[in-house]
Amino acid sequence: MLFSKLYAPTIKEKPADSETISYELLTRGGFIRKVAAGIYTYLPLGWRVIKKITKIVEEEMDKIGAQEFMMPIIQQAEIWKESGRWEDYGPEMMKLSDRHGREFTLGPTHEEMITFIVRNELRSYKQLPLILYQINQKYRDEIRPRFGLMRAREFIMKDAYSFHSDEKSLEETYQDFYRAYSKICERLELNYISVEADTGAIGGTDSHEFIILASTGESDIYVCDSCGYSASEERAQSKIPENIPEEIEPLEEVPTPNVKTIEDVSEFLKVSKEKIVKSLLYVGRNGYVMALIRGDYELNESKLKSLLKDQTLRLATPEEVQRDFGVPIGFIGPVGIDGVKVQKVADLSIKNLNNFVVGGMKEDYHYINTNLNRDFTVELWGDIRTVKEGEGCPKCGNQLRHTKGIEVGHIFKLGTKYSEKLNGYFVDEEGKNKPYLMGCYGWGISRTLAAIVEQLHDDNGIIWPISVAPYTVEIVIVNTSDEEQRTFGFKLYEILKSRNCEVLLDDRETSAGFKFKDSDLIGFPIRITVGKKLKDGKIEIKKRYEEKGVEVSIKKGLEEVVDLIEKTIEEYSTKFIQNNLTIS
RNA sequence: CAGGGUGUAGUUCAGAUGGGAGAACGCCAGAAUCGGGAUCUGGUGGUCGAGGGUUCAAGUCCCUCCACCCUGACCA
């Protein structure tokens, strides 16, 4: 490809709506253009990268026996109503209707559709396991699209679905996906980790996320450097703190005028926060839920939701609390509340706590010396607290480290959740009808494009790994009106092309500096400069991530030069530079 | 959705008190020449977000709407 013909409009200035480094560099480099909030066009360079990412993903999918196919983007409302997610997913969906008023959605995901497709003809255990996948556009009406391609309303995703007759088969496929996703990250030459994750709105049992590390990422993760434990913030656990047992004191009600927050209570009653139990009132599908946690910890809403299997859970408003309990929110507590009206859920951090402080269920009062079982009971125990950096690893006890990244892949064991609801049954060896076990596996293709840039860039532009670079080699003819340079540049270009090297020739009639700036901004891995030194029989080969290139004599013949270029391509690796760049 | 901000040339922006729509970069033509967005000459380019109102006169003041960005809940 000749640069003079390539539609890659580059921009010198930072776009005014520049949100993140990937948005800025991909826009300036002529890879993408924003069309509306969260909606993008992929220009030729961007599309080349997308296709390369896609190819890697497809190859790894094919290797584990997944079959590629294609489902429609427009989906009828009926199947979503059947699964109950027309309401649950609700505002997140782009909805539309045809001229007859029949409702549709632009698919935000395809669990309903896949089950609809297979439920009539996937009827025998002999057909299982089955793995299908597709790559297409997904639509989510995000409340606030942000971070460029990282949270778009229209985005490209690979989604795979698997069907199994038993748990063992599901587990095997889950592991296959786990390995395939790791392989994809490795082929992309990225610094990544996989973490235990929350299943969220998709539901199911086990789940892992694949995170590309970048300080600008929006996923918070906790890792243990000594045993390798890693988990997302929604899921991460830490060693349960030990509470020293004390002699039990009698319950006492004390006046605490206008003392509402944990800080206030701690100060007013001169007790440490560890000796206070925070009561948070939530409203869920089955009414009120009171979450109890030690005063020095933060509640983790994702954990609470998955413990209660209720994604609709939300904090009760002060008005609701006042109306239904007659107490301002600062004074609610577990004592005197019965388990029918309010389900009490407690974090393990208060399990052995004695003589603690709770709200008095009466304005301006708290209880001191409260004790479990004697003064109130807990209906459900679980881990519902947010982990903090420095706490002990749940497996080995070493300190947990906090880091950030971008979630590009997410795998789930769904179990029978969708097959049961959507009538996806098969007949087993004994002739019995059973719902199949399912797994679903997502990979954000367009998000990967952005994530790579977030991880691999410097002040001058993008640093593509060879595996996904729009072109592997760029030849820059410094002075296009110099006949010798021109001739040599074109000759080398033709040879490289004939060797199946993806090469771009910058033949534009602009200044040298202009071409070099574009070259760094776009981020071709290897740049060959054909300039004034050609007179002395020399050209330069430079790796994008190195300061200086190497001068190469062309006197021994072009074959040798081309061999050297190919060797440079082989040696090129973004791996070792990553820690010096943006990862913190 | 709530709170805040911004909309003027292709891009980044300037336009105080109401009265001429501007700069730089880009783009086009030409010159010179070419190792880090370099230089010179000439040119091109506008529904001042949209609609309404006040006024002799509105980019500027008022109202309505829209879009985009920032802070929060959601997610591959």
Side-chain angles (χ1 to χ4, degrees), chain A residues 9-20 23 27-28 33-39 57 88-93 108-110 135 137-160 181 197-202 207 209-212 217-219 232 234 301-302 305 311 313-315 405-412 440-451 460-461 476-482 485-486 508-521 527 529-534 538-540 542 548-549 551:
Chain A
T10 56
I11 303 169
K12 186 157 42 169
E13 270 139 312
K14 184 172 165 173
D17 59 357
S18 188
E19 313 162 51
T20 59
Y23 173 73
T27 300
R28 287 184 50 216
R33 285 291 179 269
K34 186 191 298 197
V35 172
I39 299 174
V57 171
D88 280 5
Y89 226 104
E92 209 61 6
M93 298 204 288
T109 174
H110 281 73
I135 293 172
Q137 310 262 39
K138 294 282 182 286
Y139 296 82
R140 290 187 194 168
D141 195 2
E142 297 284 348
I143 304 166
R144 182 145 87 91
R146 228 187 312 190
F147 306 122
L149 287 180
M150 289 195 283
R151 197 208 305 273
R153 291 193 290 179
E154 178 186 83
F155 57 98
I156 305 169
M157 179 172 160
K158 186 265 341 178
D159 48 322
Y181 275 29
D198 183 57
T199 51
I202 307 269
S207 171
E209 284 173 7
F210 285 76
I211 310 268
I212 291 178
E218 39 167 352
S219 295
S232 67
E234 292 82 45
E301 243 175 60
S302 305
K305 282 178 181 170
Q311 291 296 320
L313 218 57
R314 60 164 180 85
L315 215 47
I406 300 153
E407 178 190 350
V408 291
H410 204 159
I411 59 180
F412 298 89
C440 80
Y441 318 87
W443 185 282
I445 302 279
S446 46
R447 181 180 277 184
T448 303
L449 172 67
N460 294 320
V476 175
I477 299 174
V478 175
N479 184 351
T480 42
S481 44
D482 179 315
Q485 289 182 25
R486 229 185 135 75
R508 295 175 300 171
E509 291 171 26
T510 51
S511 72
F514 195 92
K515 287 182 258 202
F516 290 142
K517 286 286 182 188
D518 265 356
S519 173
D520 287 347
L521 176 62
R527 186 176 77 207
T529 308
V530 179
K532 61 187 175 192
K533 286 172 192 152
L534 187 67
K538 282 176 185 165
I539 59 169
E540 183 194 279
K542 182 181 168 299
K548 290 216 156 129
E551 280 187 6

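Reminder, nothing fancy here: chain letters follow the sequence lines and each chain counts from 1. Nothing here was measured: the structure is a model prediction, and the numbers come from that model.
When distances run from any side-chain atom of A:Ile143 to the nucleotides B:rC1, B:rC75, B:rC68, the shortest one goes to B:rC1. Considering only side-chain atoms of A:Glu218, the nucleotide from B:rC69, B:rC74, B:rG37 that sits closest is B:rC74. Here the side chain of A:Glu407 is nearest to one of B:rG37, B:rA76, B:rC74, namely B:rA76. Set against B:rG36, B:rC1, B:rA38, the side chain of A:Phe516 has B:rG36 as its closest nucleotide. Set against B:rC75, B:rC34, B:rG35, the side chain of A:Glu540 has B:rG35 as its closest nucleotide. Closest approach to the A:Val478 side chain among B:rC34, B:rA76, B:rG36 is made by B:rC34 (side chain taken as heavy atoms from C-beta onward). For A:Met157, the side-chain atoms get nearest to B:rA76 when compared with the rest of B:rC74, B:rA76, B:rC34.
Nucleic acid contact class of A:Pro108 (heavy atoms, under 4.0 Å, all strands): none. At the heavy-atom level, A:Lys158 lies nowhere under 4.0 Å from the strands shown. Residue-level contact check: A:Asp518 touches the bases, meaning some heavy atom is under 4.0 Å from a base atom. Note on A:Ala512: a base of the nucleic acid sits closer than 4.0 angstrom, heavy atoms only. A:Thr448 comes within 4.0 angstrom of nothing in the nucleic acid, heavy atoms only.
Ring-to-base geometry places A:Phe155 in a stacked arrangement with B:rA76 (centre distance under 5.5 Å, plane angle under 30°).
The nearest whole Å value for the distance from the CG atom in A:Leu313 to the P atom in B:rA73 is 16 Å.
Considering every non-hydrogen atom in both A:Val478 and A:Ala512, the closest pair reads CG1-CB, 3.6 Å. Closest approach of A:Gly442 to A:Tyr181, counting heavy atoms only: O-OH, 3.0 Å.
Within the structure, a side-chain polar atom (N or O) of A:Arg146 is placed less than 4.0 Å from OP1 or OP2 of B:rU71. Taking only side-chain nitrogens and oxygens, A:Lys532 never comes nearer than 4.0 Å to OP1 or OP2 of B:rU33. Contact between the side-chain N/O atoms of A:Arg144 and the OP1/OP2 oxygens of B:rC70 is found at a separation under 4.0 Å.
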